[in-house]
Amino acid sequence: MPAYDDSNIFARILRGEIPNDTVLETEHTLVFRDIRPQAPVHVLAIPKGAYVSYDDFAANASDAEIVDFHRALARVARELGVALDGGQGFRAITNAGEHGVQEVPHFHMHILGGRPMGRMVQPG
């Protein structure tokens, strides 16, 4: 696992050095609107802890952080009208490492919805 780089943009957002359009903030999670949305609903959820990727988070975060993160995602999907209890669904995406095309080395989950998302990976 690469070492956590505390100069990444999400770490700077968490420290208040860079503004964001917050959708929800909990004890362990921050959810905010993506600055380059790819769908009518496009938010990013990040844990407040220093985790590089999903596997790092899943292996090393406390139970409280993991539960808080997933409950925050469910709440936001419902509040933004994309959850299945009132909406038509969404896509949750996380990228890890070079092959996963991870751009920011801080674990984050994209929630995209508000339109059909199409195939995620093209055959071939």
Item to complete: Keeping to residues at least two apart or across chains, list the side chain to side chain donor-acceptor pair (under 3.5 Å) pairs with something in residues 46-58.
Response: Glu25-Lys48, Tyr51-Glu65, Ser53-Asp55, Asp56-Asn60

Worksheet item: What residues form a ring pair (Phe, Tyr, Trp, His ring centres under 6.0 Å) with His28, not counting sequence neighbours?
Response: none

Worksheet entry | Residues which pass salt bridge (Lys or Arg N to Asp or Glu O under 4.0 Å) with Asp85, listed by chain and number, not counting sequence neighbours | none

Worksheet, complete the sentence: Across all chains, not counting sequence neighbours, the salt bridge (Lys or Arg N to Asp or Glu O under 4.0 Å) partners of Arg115 are none

Worksheet entry | Spatial distance of atom CE (Met117) from atom CD (Gln38) [nearest 0.5 Å] | 9.5 Å

Item to complete: Output all residues satisfying ring pair (Phe, Tyr, Trp, His ring centres under 6.0 Å) with Phe32, sequence neighbours left out; order by chain, then residue number.
Response: Phe10

Fill in: side chain to side chain contact (heavy atoms under 4.5 Å, CB included) between Val31 and Leu44, intermediate numbers included
CA-CA 5 Å; Val31 183; Leu44 296 170; over 6 Å; no

Worksheet, complete the sentence: Shortest non-hydrogen pair, Pro40 vs Gly114, comes out as CG-O, 3.7 Å

Worksheet item: Please, which pairs that meet ring-ring contact (aromatic ring centres under 6.0 Å, His included) have at least one residue in residues 62-83, sequence neighbours excluded?
Response: Phe57-Phe69, Phe69-Phe107

Worksheet entry | Backbone N/O of Met109 and side chain of Thr94: donor-acceptor pair under 3.5 Å | no

Worksheet item: Under a 4.5 Å cut-off applied to non-hydrogen side-chain atoms, are Val52 and Pro2 in contact?
Response: yes

Item to complete: Could you grab the distance from atom CG of Asp6 to atom CG of Leu14, nearest 0.5 Å is fine?
Response: 11.5 Å

Item to complete: Identify, with sequence neighbours excluded, every residue that meets side chain to side chain donor-acceptor pair (under 3.5 Å) alongside Arg71.
Response: none

Indicate every side-chain donor-acceptor pair of residues 74-84 with a distance under 3.5 Å to a residue at least two apart or in another chain.
residue : atom : partner : partner atom : Å
Arg75   : NE   : Glu79   : OE2          : 2.8

Worksheet item: Just how far is it from atom CD1 of Ile13 to atom NE2 of His108, taken to the nearest 0.5 Å?
Response: 10.5 Å

Item to complete: Under the side chain to side chain contact (heavy atoms under 4.5 Å, CB included) rule, what do Ile66 and Asp68 come out as? Steps first, then yes or no, please.
Response: CA-CA 6 Å; Ile66 292 169; Asp68 181 84; over 6 Å; no

Worksheet item: Can you name the side chain to side chain donor-acceptor pair (under 3.5 Å) partners of Gln88, sequence neighbours left out?
Response: none

Worksheet, complete the sentence: The side chain to side chain donor-acceptor pair (under 3.5 Å) partners of His106 (sequence neighbours excluded) come to Tyr4

Discussion item. Could you check whether any side-chain heavy atom of Ile93 comes within less than 4.5 Å of a side-chain heavy atom of Asn95, counting everything from C-beta outward?
Written reply: yes

Worksheet item: Do Phe90 and Val43 sit in the same hydrophobic cluster, where Ile, Leu, Val, Met, Phe, Trp and Tyr count as joined when their side-chain heavy atoms come under 4.5 Å apart?
Response: yes

Could you give the side-chain donor-acceptor pairs of residues 17-24 under 3.5 Å, partners two or more places apart or in another chain?
residue : atom : partner : partner atom : Å
Glu17   : OE1  : Arg12   : NE           : 3.2
Glu17   : OE1  : Arg15   : NH2          : 3.4
Glu17   : OE2  : Arg15   : NE           : 2.9
Asn20   : OD1  : Thr22   : N            : 3.1
Asn20   : OD1  : Thr22   : OG1          : 2.6
Asp21   : OD2  : Arg33   : NE           : 3.4

